[in-house]
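Quick note: numbers below take in every heavy atom, side chains included, and nothing from hydrogens, waters or symmetry partners. Just so it is clear: chains get the letters A, B, ... in the order the sequence lines come, proteins before strands, and each one is counted from 1.
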There are 2 protein chains.
Amino acid sequence: MSTTGKLYGIGIGPGDPELLTLKAWRLLSTVEVVAYPEPENGGSMARGIAAPFIPEEVIELPVTVPMTVDREPARNAYDQATIAITRHLNEGRHVAFLCEGDPFLYGSFMYLHQRMSRSHDVVVVPGVTSLTASAAALGRPLAARNDILKILPAPLPADRLESEIRDTEAVAIIKVGKHFDKIKGIIAGLGLTGNAAIIESATGDRERITPLEELPEGERPYFSTILIYKGDERW
Amino acid sequence: MSTTGKLYGIGIGPGDPELLTLKAWRLLSTVEVVAYPEPENGGSMARGIAAPFIPEEVIELPVTVPMTVDREPARNAYDQATIAITRHLNEGRHVAFLCEGDPFLYGSFMYLHQRMSRSHDVVVVPGVTSLTASAAALGRPLAARNDILKILPAPLPADRLESEIRDTEAVAIIKVGKHFDKIKGIIAGLGLTGNAAIIESATGDRERITPLEELPEGERPYFSTILIYKGDERW
């Protein structure tokens with residue numbers, strides 16, 4: 001029997017604490033250490049979502065990842081986090097790493113998984129993503145039957161986004177933030193403005209749902225998703 | 001105050017009952033009626049997943065939807081279900097409709113939503129999808145950073161599937177079933193067999209994960225997902 005701890009990458013959902021899974025909830029009551037990403041100015045969103053379920057006596061381990069274009073500072077941050085988490089595991093403590101949404105859908109947990117999965121027991125617990133939460137908030141399907149659904153990160157070049165949006169039935173554009181005006185222009189050029197809505201902070205305290213045509217130009221929050229649906233909702 | 005009940009479309013996740021959300025779990029203890037899709041030969045998968053959380057005293061309402069190419073029998077089934085659910089709502093009972101995975105990601109709940117959301121209070125509760133559950137089971141990210149992720153239903157024509165798979169970093173092919181040989185051939189033709197794995201019944205009792213190259217030709221279960229990842233897992 002190994003006496004080393006397990007590392008759990010736990011998807012905690014899009015914002016509403018009630019969208020944690022029963023498994024996430026159970027694991028949070030059994031681990032000795034809870035780690036989470038935190039911006040340099042503090043205020044971890046992941047910790048905020050899971051806060052009602054983090055026991056008081058747990059060891060907390062914030063992982064500060066600099067948001068820079070240069071990857072080196074972030075790499076160093078994950079290297080440092082690997083060292084800190086490894087110490088806890090080797091001393092027999094189980095560690096939960098909190099991941100907004102799902103750990104493996106555009107999540108940063110993959111960088112810890114890549115560093116630790118060969119040497120330690122790493123378990124990934126899937127979570128509710130902001131994509132389906134956004135569709136639920138909007139009250140419209142993401143995709144149905146034999147629709148193709150494309151998940152497109154907004155920072156991609158405009159010509160690639162345009163051709164991908166043209167050739168599909170359903171689209172979710174993520175990481176909208178400062179790319180909103182570019183995206184809005186592409187959608188307008190394709191005549192799809194009436195099919196599009198933007199969902200900000202789905203299921204969170206600041207949730208806001210707006211038809212694309214009603215929103216003026218300007219920057220939007222990073223955690224905004226634009227959904228476009230050309231499919232037939234009737235059956 | 002209205003005395004009519006609410007209809008909840010509840011995502012119950014991919015198979016493991018512990019992947020229900022806290023919200024799904026709470027709602028199941030408050031509704032008077034639990035409805036779910038059921039094949040003509042019985043044995044509802046959705047009911048099976050949520051079984052540990054369905055109170056004994058609840059009214060159960062199986063909705064049998066014929067799996068035919070002709071849409072008319074299924075339309076009739078949803079029309080009949082709408083009549084039955086509406087009667088419960090109008091008599092003041094809350095109704096939960098159980099949806100495998102998430103209600104709005106290739107889910108049949110949209111047909112009830114479309115029929116009832118104008119006349120009644122319909123709430124969609126997102127759930128964990130088989131896509132992220134499959135990635136977690138496989139131990140490999142679905143998509144990262146600025147990858148494009150495409151969700152492709154296997155029944156689509158081979159030429160469309162081939163061109164969509166070629167022009168992207170990450171792919172999830174759903175509804176594999178009897179289309180397995182076609183899909184395997186397309187992936188081999190693109191030289192991507194080494195990047196692909198098939199996950200059957202993710203997180204369920206019959207979960208099975210196989211690298212694509214190890215699986216002989218033949219039909220696979222309907223609830224199989226093939227994941228292809230060309231992106232860079234390192235950072």
Proximal component of [X], with respect to chain B [non-hydrogen, under 4.5 Å]:
X      : value
A:L156 : side chain
A:T129 : side chain
A:D16  : side chain
A:T132 : both
A:N146 : both

Distance, nearest 0.5 Å, that separates CZ of B:F104 from OH of A:Y229: 10.5 Å

B:L142 CG to A:M110 CE distance, which is reported to the nearest 0.5 Å: 11.0 Å

Looking only at heavy atoms, what is the nearest atom pair of A:R145 and B:K175, with distance?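 Distance-wise, the nearest heavy atoms are O-NZ, 2.6 Å.
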
Test item: [X] and [Y] side chains (from C-beta on) under 4.5 Å apart, heavy atoms:
X      : Y      : value
B:I148 : A:P153 : yes
B:L149 : A:Y106 : yes
A:D167 : B:E164 : yes
B:L19  : A:P126 : yes
A:K23  : B:L20  : no
B:R140 : A:Q114 : no
B:V128 : A:T21  : yes

Who passes side chain to side chain contact (heavy atoms under 4.5 Å, CB included) against B:S130, sequence neighbours left out? B:P14, B:T225

Verdict with reasoning, B:E169 to A:K150, per salt bridge (Lys or Arg N to Asp or Glu O under 4.0 Å): CA-CA 11 Å; B:E169 289 82 26; A:K150 297 183 181 176; over 6 Å; no

For A:D205, does the CG atom have more than 12 heavy-atom neighbours from other residues, nucleotides or ligands under 6.0 Å away? no

CZ of B:F53: more than 12 outside heavy atoms within 6.0 angstrom? yes

With chain B as the partner, which of A:L22, A:T203, A:V124, A:L131 has the greatest number of non-hydrogen pairs under 4.5 Å? A:L22

